[in-house]
Structures are given as structure tokens and as C-alpha cells.
Amino acid sequence: MSKIIAVQQLDKIDPNATYILLINPEKIPHLVYIEVGKYFTLTYNESVCGENFETYLKKLKRLKKKMIFLKLKNVCGDASAEFQHFTAADSSSITCFVPVKNCVLPESKAQMIHELIPELYENQIIESAYHLNATEILNESKEFTLSVYTKKMIFSYIQHLKNKDVSRK
């Protein structure tokens with residue numbers, strides 16, 4: 001079972017830091033990589049490279065999304081170069097996890113965030129953990145236990161989002 005420990009309330013984002021953001025962590029989380037105030041992510045329909053994170057954070061707060069931030073140390077990847085390799089997440093091989101892992105711990109064999117987090121702790125890459133709108137999903141010790149899910153579940157969810165988007169057009 002993968003846990004995020006000592007999760008504190010987020011007061012403000014350190015504009016010089018690097019984070020992994022888990023949006024809706026109590027479900028299959030969407031992952032966002034934040035590097036010096038810019039964010040990078042793969043959605044079901046696009047790759048976002050180097051957009052202003054404060055603007056995105058305002059939207060997430062307005063939508064009352066549950067969020068867990070992992071502040072990282074000793075990370076020397078180039079997020080822009082990594083995320084430019086991808087056009088979007090797909091429903092067969094690429095998820096938002098792939099470029100995040102490649103930026104943080106490329107030698108890892110993990111295939112999902114709940115597999116990667118223990119390795120990040122083991123390698124002392126996670127400096128601290130924070131949350132917004134997530135008090136009720138933390139235990140009394142301020143820990144968060146990640147859900148375990150399969151790649152099939154992730155790809156099914158990505159396909160669901162694509163289908164939903166098509167039906168709106």
C-alpha cells in the first residue's frame with residue numbers, strides 16, 4: 001500500500017520549486033508536473049507544456065478539486081523537452097504518468113503513481129507533501145493512502161473522457 005506521509009495544508013506554492021500534483025487523488029489521479037511556476041501535463045486531448053501554473057491553480061480552486069502536492073528535491077530533468085515528446089494521453093499506452101516519471105526517476109520500472117511514490121521516498125526525492133481541499137481524505141496521522149488500480153482502468157477512463165468530449169461537439 002502506497003502512502004503519502006505528513007501531508008500539510010498548502011499555504012502557497014514555492015515559485016522556485018518542483019512539484020508533482022495529484023488532482024482528485026482519491027480516484028485515479030490526474031498528474032501535473034510543476035517546475036518553477038510553469039506546469040506540464042498530458043490530458044486526453046493535448047500536451048500542456050510550460051503554461052502559467054497560478055492561472056491553472058485558480059481554476060482548480062474554483063472547481064474545488066482535491067489536490068496533493070509533492071514537493072521534490074534533487075530533480076534535474078528538463079520537463080519542457082520531455083513533455084514535447086507527447087501529443088496527448090491515449091487509451092492504449094501513454095498516460096499522464098509517463099512523462100512525469102521520466103522527469104523525476106527515469107530509471108524506475110513503476111508504471112503508475114502508486115508504484116512510483118515509494119521509490120521517490122526511498123530515493124529521498126520527496127521533500128514534503130501538501131494538500132488543498134483534501135482534509136477529509138487524510139487519516140488522523142495526516143497520511144494519504146493511494147488507491148490501487150490497473151492500467152486497463154486508466155485507459156478505460158481516458159477513452160471515456162474522449163468519448164464524452166466527442167459527444168459534446
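In what follows, residues are counted from 1 in the order of the sequence shown.
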Within the distance-only criterion (no hydrogens, no angle test), does the side chain of [X] pair as donor or acceptor with the backbone N or O of [Y] below 3.5 angstrom?
{"X": "N52", "Y": "T55", "result": "yes"}
{"X": "K101", "Y": "S108", "result": "yes"}
{"X": "T87", "Y": "S47", "result": "no"}

Taking side-chain hydrogen bond (donor to acceptor under 3.5 Å, both in side chains) as the test, write out the residues that go with S156, two or more places apart. none

Answer with yes or no whether the side chains of Y130 and S128 bring together a donor and an acceptor at under 3.5 Å. yes

S80 and D78: side chain donor to acceptor below 3.5 Å: no

Neighbour count >12 (heavy atoms, 6.0 Å) for atom [atom1], [X]:
{"X": "K58", "atom1": "NZ", "result": "no"}
{"X": "K65", "atom1": "NZ", "result": "no"}
{"X": "E136", "atom1": "CD", "result": "yes"}

Is it possible for you to say whether [X] and [Y] belong to one hydrophobic cluster, with membership spreading through side-chain heavy-atom contacts below 4.5 Å?
{"X": "Y39", "Y": "I68", "answer": "no"}
{"X": "L146", "Y": "Y19", "answer": "no"}
{"X": "I117", "Y": "V100", "answer": "yes"}
{"X": "L42", "Y": "M153", "answer": "yes"}
{"X": "Y56", "Y": "F69", "answer": "yes"}

State, to 0.1 Å, how close Y121 and I5 come at their nearest heavy-atom pair, and which atoms those are. OH-N, 3.0 Å

Can you see which heavy atom on P118 is nearest to which on S2, and at what distance? CD-OG, 3.4 Å

Quick check: do [X] and [Y] have side-chain heavy atoms less than 4.5 Å from each other?
{"X": "Y33", "Y": "V75", "value": "yes"}
{"X": "E115", "Y": "I113", "value": "no"}
{"X": "Q9", "Y": "L132", "value": "yes"}
{"X": "I4", "Y": "L138", "value": "no"}
{"X": "T95", "Y": "F97", "value": "yes"}
{"X": "I20", "Y": "V32", "value": "no"}
{"X": "E107", "Y": "L105", "value": "yes"}
{"X": "F86", "Y": "C49", "value": "no"}

Over 60° means perpendicular and under 30° means parallel, so classify the ring planes of F40 and F83, tilted if in between. tilted

Show the numbers, then the answer: is there a side chain to side chain contact (heavy atoms under 4.5 Å, CB included) between I28 and M112? CA-CA 10 Å; I28 296 175; M112 290 173 267; over 6 Å; no

Let me confirm one number: the CD1-CG distance from I23 to L60, rounded to the nearest 0.5 Å. 4.5 Å

Separation between CD (E127) and CG (D14), nearest 0.5 Å, reads 8.5 Å

Show, in sequence, the C-alpha distance, side-chain angles and deciding distance for L22 and F144, and conclude whether the side chain to side chain contact (heavy atoms under 4.5 Å, CB included) test is met. CA-CA 12 Å; L22 290 80; F144 174 73; 5.6 Å; no

If the test is side chain to side chain contact (heavy atoms under 4.5 Å, CB included), which one of L72, I125, V104 qualifies with T18? L72

Trace of the salt bridge (charged side-chain N to carboxylate O under 4.0 Å, His left out) decision for E119 with K109: CA-CA 10 Å; E119 290 184 56; K109 301 290 184 230; over 6 Å; no

Among all residues two or more places apart in sequence or in another chain, which pass the salt bridge (charged side-chain N to carboxylate O under 4.0 Å, His left out) test with E143? K3

Give the C-alpha distance, both sets of side-chain angles, the deciding distance and a yes or no for side chain to side chain contact (heavy atoms under 4.5 Å, CB included) between E26 and N24. CA-CA 6 Å; E26 76 283 13; N24 295 325; 4.1 Å; yes

